[in-house]
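Single-structure report; data block below.
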Amino acid sequence: MQRVAARTFSVLQRRHYSNHESTTHFGYREIPTSSKESLVKSVFSSVASSYDVMNDAMSLGVHRLWKDDFVANLNPGNPVVGVQTRCIDVAGGTGDIALRILDWARIEHADRDLRVDVVDINPDMLEEGRMRFRRTMYHNTPQLSLHEGNAQSLSLTDFPSDTYDLYTIAFGIRNCTSLSDVLREAHRVLKPGGTFACLEFSKVQNPLFAQIYESYSFSIIPLLGSILASDRASYEYLVESIRRFPDQQEFSDMIIQAGFQVGRKGMAWRDLWGGIACVHTGVKI
């Protein structure tokens, strides 16, 4: 009887949503679209202090290598003194991508003019970033600024159109409610010729490897969340959010629809570790 009642309530709940408000997914749950932002904020507030540990669990510890590779292939920086490269790192609150960009420009190009604006919707994640940058040479310099903001609707005042040479987003876009809105905003703030670059978990291509990773994701990662962060539910959501994210071809098509030019067929993205993660790039035309 209780099962029937629960099922009936679920059906009525979906009808209520469809009659009054659009719905979206939060992991495998269907929720009102207006609720997703606050739920995602709650997840990342919960994991902010253990964010690197979370990514270690999600990526078998190799997310650091992927991030190094991501930035190295973008090769940010300009060796000409006084020519400033403007970068925006979105959903980058903890600062690990921004720090890699700044270090790469300084070490590889002797560029101390490059500037990164870090944007994140979650103040707890930004606070982790502030703590990280206080230990670096970039703290309290014009090269770095941190902003609380929504990737889907960046402030026109703080982030004017046609401003940035490089837009990065790493392991963040899948948590946004509207991917198309994020891509539209990325296109708006980039200069013509500017580069959009996204590093995200994706679809494993090899069927056997996919099965092994699927088992690891749904069995081991939530368990690690319980052990390492006392937070199984957040880790379950994060695994589910990966499975709900578009595959490589579908996401590449969305990037094109937003107005970006991507590589020719077969080179529009670059899989890492067989597709556990993937790098997508596009140029604003």
Side-chain angles (χ1 to χ4, degrees), residues 40-41 43-56 58-59 61-151 154-160 163-173 175 185-186 189-191 194-199 229:
V40 170
K41 273 187 177 181
V43 167
F44 282 90
S45 291
S46 175
V47 304
S49 61
S50 58
Y51 182 71
D52 282 340
V53 174
M54 176 197 76
N55 278 331
D56 283 334
M58 301 287 284
S59 69
V62 299
H63 69 99
R64 302 166 199 271
L65 299 178
W66 292 341
K67 290 170 182 173
D68 289 342
D69 174 81
F70 178 60
V71 171
N73 275 276
L74 293 171
N75 192 25
N78 192 315
V80 180
V81 176
V83 176
Q84 186 181 67
T85 301
R86 292 289 305 274
C87 307
I88 181 170
D89 182 40
V90 179
T94 59
D96 47 352
I97 295 296
L99 184 56
R100 283 172 168 82
I101 290 172
L102 289 163
D103 281 346
W104 182 273
R106 176 177 58 85
I107 295 167
E108 299 298 327
H109 300 293
D111 184 349
R112 294 302 306 273
D113 296 308
L114 178 144
R115 173 178 168 180
V116 183
D117 292 334
V118 178
V119 183
D120 203 289
I121 199 170
N122 190 296
D124 296 306
M125 296 289 279
L126 286 168
E127 185 56 33
E128 291 296 315
R130 288 191 185 94
M131 291 297 293
R132 172 172 287 173
F133 279 109
R134 286 190 189 113
R135 301 183 179 94
T136 74
M137 66 179 68
Y138 309 111
H139 179 57
N140 278 343
T141 73
Q143 284 194 270
L144 175 75
S145 61
L146 282 77
H147 307 263
E148 187 174 340
N150 189 330
L154 296 169
S155 164
L156 288 167
T157 303
D158 294 334
F159 311 104
T163 295
Y164 295 97
D165 302 284
L166 175 63
Y167 176 114
T168 56
I169 183 165
F171 301 122
I173 198 168
N175 299 300
E185 282 293 87
V189 301
L190 280 167
K191 298 174 183 175
T195 297
F196 166 83
C198 175
L199 170 62

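Small disclaimer: the values here were computed from a predicted structure and weren't measured.
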Return yes if some donor-acceptor pair links the side-chain N/O of D165 with the main-chain N/O of R86 below 3.5 Å, else return no.
yes
Specify whether H147 and F159 have parallel, tilted or perpendicular ring planes, treating 30° as the upper limit for parallel and 60° as the lower limit for perpendicular.
perpendicular
Between R135 and E128, is the closest basic N to carboxylate O distance under 4.0 Å?
no
Start with the C-alpha distance between L154 and I88, add both sets of side-chain angles, then the distance that settles side-chain contact (heavy atoms from CB on, under 4.5 Å), and finish with yes or no.
CA-CA 11 Å; L154 296 169; I88 181 170; 4.2 Å; yes
Write down the atom of L144, the atom of V118, and the distance for their closest heavy-atom approach.
CD1-CG2, 3.9 Å
Between the main-chain N or O of G93 and the side-chain N or O of D120, is there a donor-acceptor pair closer than 3.5 Å?
yes
Using the ring pair (Phe, Tyr, Trp, His ring centres under 6.0 Å) criterion, which residues pair with H139? Sequence neighbours excluded.
none
Heavy-atom closest pair (C198 atom, I173 atom, distance to 0.1 Å) is SG-CG2, 3.8 Å
What closest approach, in Å, do L114 and C87 show between heavy atoms, and which atom pair accounts for it?
CD1-SG, 3.9 Å
Which donor-acceptor pairs under 3.5 Å do side chains of residues 98-106 form with protein atoms, sequence neighbours excluded?
unit_1	atom_1	unit_2	atom_2	d
R100	NE	D68	OD1	2.7
R100	NH1	D96	O	3.1
D103	OD1	R106	NH2	3.3
D103	OD1	Y138	OH	2.6
W104	NE1	N75	OD1	2.8
R106	NE	Y138	OH	2.9

Heavy atoms of G77 and D111 approach each other most closely as CA-OD2, 3.3 Å
With K67 as partner, the option from L199, V62, T168 fulfilling side chain to side chain contact (heavy atoms under 4.5 Å, CB included) is L199
